[in-house]
Amino acid sequence: MRIFIIGFMGAGKTTLGKKLASKLEYDFIDLDDFIEKKAGMSISDIFLELGENSFRNMESENLRLLGNVQDTLISVGGGTPCYHSNMEWMRKNGLTIYLQLDVNTLLSRLKNSAVNRPLLEKKTEEEMLDFISARLEERKQYYESAELIIPARDLKIKEFYRLVKEAIIG
Ligand code: S3P
């Protein structure tokens, strides 16, 4: 069994994903970390030196390397579901879970964490708000095709675990 955690940057995919994996006794993989290790470059450097299109190709190729892992929870990047039919692929290869947050909560979480997030670097708060609103609007259609949509504001691990367990058991 594979679980894919999707959602916008700052939704808590990695933090909550790690906790959930440990409760489920699953392995945990963060797709961005996986890409960085394989490429020997940081995400920021990949964007800077190779450009976003190359990053999207690497993202999709690396994601597909994870088709055979078992009992593993994979948290993917905020853009992953929106390129190269990745969402379709994830739906076919595991349980997809969308951690859903509103624009203002995302902004308050992201304001102070543009670190290694090349899409947010050098943006003022107002530019960030415009960016998040526009991108979320575009990406919603992909995110919302997840099998499980979980409102992530104030989501506690216990509740997250309960909802996922229920979905797995059916
Ligand atoms: C991106 C999100 C990032 C990372 C890259 C692009 C995006 O991942 O993959 O900077 O397009 O939203 P996180 O959502 O884990 O920050």
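In listed order, ligands and their atoms are each counted from 1.
Every atom of ligand 1 with a heavy atom of F55 under 4.0 Å away is listed here by number and element: 9 (O). Below 4.0 Å from some heavy atom of D32 lie the following atoms of ligand 1, by number and element: 3 (C), 4 (C), 8 (O), 9 (O), 13 (P), 15 (O). For ligand 1 and G77, the ligand atoms under 4.0 Å from any heavy atom of the residue are 8 (O), 9 (O), 14 (O). Of all atoms in ligand 1, listed by their number and element, those nearer than 4.0 Å to a heavy atom of R117 are 16 (O).
Under a 4.0 angstrom heavy-atom cut-off, R56 registers as being in contact with ligand 1. In this structure, R135 falls outside the shell of residues with a heavy atom less than 4.0 angstrom from ligand 1.
Contact check on K111 versus E125 returns a salt bridge, with a Lys/Arg side-chain nitrogen under 4.0 Å from an Asp/Glu carboxylate oxygen. Under a 4.0 Å N-O distance rule, the pair E61/R64 does not qualify as a salt bridge. Salt bridge annotation for R91-E88: absent, with no cationic side-chain nitrogen under 4.0 angstrom from a carboxylate oxygen.
When L163, I157, T15 are each tested for a side-chain contact (heavy atoms from CB on, under 4.5 Å) with L20, only one passes: I157.
Hydrophobic clustering, with ILVMFWY side chains joined whenever heavy atoms are under 4.5 angstrom apart, groups F55 together with V76.
By the criterion of a heavy-atom distance under 4.0 Å, the side chain of L119, and not its backbone, is placed next to ligand 1. In E121, neither the side chain nor the backbone holds a heavy atom less than 4.0 Å from any atom of ligand 1.
Note that K19 lies outside the cation-pi zone of F160, set by a 6.0 Å cut-off to the ring centre and a 45° limit from the axis.
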